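Written below as structure tokens is the structure these notes are about.
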Amino acid sequence: MRRWAIGSEVDITVERKVRTMSTEAPVKIAVTGAAGQICYSLLFRIASGSLLGDRPIELRLLEITPALKALEGVVMELDDCAFPNLKNVVIGDDPKKVFDGVNLAMLVGAMPRKAGMERGDLLSANGAIFTAQGKALNEVAADDVRVLVTGNPANTNALIASSNAPDIPKERFNALTRLDHNRAKSQLAQKLGCPVEEIKKMTIWGNHSSTQYPDIFHAEVGGKNAAGLVNDEAWIESTFIPTVAKRGAAIIEARGLSSAASAANATVEHMRDWVLGTPDGDWVSMAIPSDGSYGVAEGVISSFPCVVKNGKYEIVQGLEIDPFSRTKIDASVAELLDERKAVKELGLI
Ligand SMILES: NC(=O)C1=CN([C@@H]2O[C@H](COP(=O)(O)OP(=O)(O)OC[C@H]3O[C@@H](n4cnc5c(N)ncnc54)[C@H](O)[C@@H]3O)[C@@H](O)[C@H]2O)C=CC1
Ligand SMILES: O=C([O-])CC(=O)C(=O)O
């Protein structure tokens with residue numbers, strides 16, 4: 001049976017026929033901004049199993065009312081893929097209905113920046129989205145919910161959502177810096193002419209913004225120290241760091257639109273690793289609420305090197321931070337503190 005409708009006044013569900021014999025309860029996955037460009041890639045990656053493999057899933061897709069018609073078209077395309085593990089899709093414009101019972105929430109829906117803007121310029125436009133969604137998650141999400149914010153400015157939006165969801169533990173709110181992490185690995189692999197999978201222990205520190213600090217001083221390539229192999233401080237400082245930190249702007253400049261498929265890929269990878277764990281001998285970059293580690297102000301959502309085991313992440317401890325890295329980390333954290341102050345003044349937290 002299929003029922004769909006447009007508008008928050010109507011309870012909408014799209015019931016699908018179960019195509020496999022699995023009796024496992026589907027994992028309920030909320031995705032916001034579902035008719036937007038990131039989700040045009042993200043939803044198909046999730047539904048095809050890139051996130052949870054063979055686990056049955058239910059997609060719960062949130063959009064604003066005028067975009068629901070376009071979202072219907074996306075759902076038709078999901079249908080047309082006949083993904084065996086996609087058991088059900090629910091679409092709607094009311095966060096309280098769409099987030100009901102969700103185990104995973106990917107908050108993508110927000111305005112993207114245009115050429116010439118910094119991501120922080122989106123705070124006043126996008127911040128309010130995350131107050132409403134934080135409140136709705138607080139009321140109706142499953143007890144085990146994990147929330148990943150991709151919509152920019154991602155770190156501070158995650159802080160807003162978390163501050164508006166007092167009953168959900170703070171550590172369940174993350175923001176996406178995995179795209180920066182992947183960009184850094186790719187740039188380093190190109191510089192050293194090595195396969196990208198040989199690069200381990202890359203770290204992005206701080207904010208998903210042009211102040212972020214991609215750190216190769218602890219990264220390893222085939223077991224050897226990456227910075228030592230590069231052996232070119234000028235390249236690290238004047239080419240590598242700015243290329244990674246300003247990659248989003250370069251893509252906007254080239255494409256006329258912000259990155260989408262790579263952002264979707266990073267969103268899948270972050271959530272997959274959070275749920276299923278990180279590989280032995282490596283770590284990933286996750287923007288998480290700071291516990292004060294590495295002198296990062298407590299409470300801001302800042303990127304750290306993290307390992308995940310049994311569904312719980314931990315910050316990798318004991319890395320030596322040299323004076324160059326210290327200055328870079330402090331600058332990005334200072335920006336996060338400014339953003340926190342700004343959203344406090346806007347009454348969003
Ligand atoms: N953290 C990261 O690494 C990255 C973040 N982004 C950010 O992701 C966000 C989404 O990017 P795109 O998909 O390219 O944008 P888009 O404009 O194509 O799609 C955004 C969608 O969100 C929807 N939306 C707006 N308000 C909403 C609300 N209150 N509830 C639900 N849906 C809502 C819009 O109707 C639209 O369909 C942007 O803020 C962008 O800057 C983009 C790339 C990387
Ligand atoms: O740069 C942007 O506005 C989109 C984004 O966050 C990225 O590509 O990293």
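Every value quoted in this text rests on a predicted model; they were computed, and no experiment measured them. Note that ligands are numbered from 1 as they come in the structure, with each ligand's atoms numbered from 1 the same way.
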*When you check the side-chain N and O atoms of Thr327 and Asp330, is any donor under 3.5 Å from an acceptor?*
no

*Distance from Arg326 atom CZ to Tyr213 atom OH, nearest 0.5 Å?*
10.5 Å

*asked:* Please identify which of these residues, Arg247, Glu269, Gln187, meets the side chain to side chain donor-acceptor pair (under 3.5 Å) condition with Asn182.
replied: Glu269

*Can Ala35 be said to touch ligand 1, with heavy atoms closer than 4.0 Å?*
yes

*Backbone or side chain, does any N or O of Thr150 fall under 3.5 Å from an N or O of ligand 1?*
yes

*asked:* Out of all atoms in ligand 1, which are within 4.0 Å of some heavy atom of Leu179? Include the element for each.
replied: 3 (O), 44 (C)

*Identify the protein heavy atom lying closest to atom 15 (O) of ligand 1, giving its residue, its atom name and the separation to 0.1 Å.*
Pro112 CG, 3.4 Å

*More than 12 foreign heavy atoms under 6.0 Å from OH of Tyr40: is that the case here?*
no

*Residue pairs fulfilling ring pair (Phe, Tyr, Trp, His ring centres under 6.0 Å) with at least one residue in residues 280-308, sequence neighbours excluded*: Trp205-Tyr294

*In this structure, are over 12 heavy atoms from other groups packed under 6.0 Å from Glu171 atom CD?*
yes

_Sub-4.0 Å heavy-atom environment of ligand 2, residues by chain_ = Arg113, Arg119, Asn152, Leu179, Arg183, His208, Gly248, Ile252, Ser258, Ser259

*Looking at ligand 1, does Ala260 have a heavy atom less than 4.0 Å from it?*
no

*Looking only at N/O atoms, are Gln37 and ligand 1 under 3.5 Å apart anywhere?*
yes

*Nearest-neighbour protein heavy atom for atom 29 (N) of ligand 1, which is reported as residue plus atom name and distance*: Ile129 CG2, 3.6 Å

*Would you check if there is a donor-acceptor pair between the side chains of Glu118 and Ser209 at a distance under 3.5 Å?*
no

*Check each heavy atom of Ile38 against ligand 1 and say whether those closer than 4.0 Å belong to the side chain, the backbone, both or neither.*
both

*Can a non-hydrogen atom of Gln133 be found less than 4.0 Å from any atom of ligand 1?*
yes

*Under the 3.5 angstrom rule, does the side chain of Arg146 hit a backbone N or O of Gly311 as a donor-acceptor pair?*
yes

_For the backbone of Val244 and the side chain of Arg183, can you confirm whether one donor and one acceptor N or O come within less than 3.5 Å of each other?_
no

*Is there side-chain contact between Asn157 and Leu123, with heavy atoms separated by less than 4.5 Å?*
yes

*asked:* How far is atom 19 (O) of ligand 1 from the closest protein heavy atom, and which atom is that?
replied: Gly36 CA, 3.2 Å

*Just jot down the ligand 1 atoms closer than 4.0 angstrom to any heavy atom of Ser259, in number order.*
42 (C), 43 (C), 44 (C)

*Of the protein's non-hydrogen atoms, which lies at the shortest distance from atom 10 (C) of ligand 1, and what is that distance?*
Val108 O, 3.3 Å

*Tell me: protein heavy atom nearest atom 25 (C) of ligand 1, and distance?*
Ile64 CG2, 4.1 Å

*Exceeds 12 heavy-atom contacts within 6.0 angstrom, atom NZ of Lys96*: no

_Side-chain donor/acceptor of Ser163 to backbone N/O of Ile349, under 3.5 Å_ = no

*Tell me: protein heavy atom nearest atom 41 (O) of ligand 1, and distance?*
Asn152 ND2, 2.8 Å

*Using a strict cut-off of 4.0 Å, indicate which atoms of ligand 1 neighbour a heavy atom of Met111.*
38 (C), 39 (O)

*Enumerate the atoms of ligand 1 whose separation from the nearest heavy atom of Gly33 is less than 4.0 angstrom.*
21 (C), 22 (O), 23 (C), 31 (C), 32 (N)

_Which residue and heavy atom of the protein sit nearest atom 24 (N) of ligand 1, plus the separation_ = Glu63 OE1, 3.8 Å

_Gly109: numbered ligand 1 atoms lying under 4.0 Å from its heavy atoms_ = 22 (O)

*Looking at Leu176, which atoms of ligand 1 are within less than 4.0 Å of one of its heavy atoms?*
1 (N), 2 (C), 3 (O)

*Is there a donor-acceptor pair under 3.5 Å between the side chain of Asn164 and the backbone N or O of Ile160?*
yes

_For the CD atom of Glu63 and the SG atom of Cys39, what is their distance to the nearest 0.5 Å?_
7.5 Å

*Of all the non-hydrogen atoms in the protein, which one sits nearest to atom 20 (C) of ligand 1, and at what distance?*
Ala110 O, 3.6 Å

*Show which atoms of ligand 1 fall inside a sub-4.0 Å distance from at least one heavy-atom site of Ala263.*
43 (C), 44 (C)

*With the threshold set at 4.0 Å, does a side-chain nitrogen-carboxylate oxygen contact exist between Glu345 and Lys341?*
yes

*Under 4.0 Å between a Lys/Arg side-chain N and an Asp/Glu carboxylate O for Asp215 and Lys328?*
no

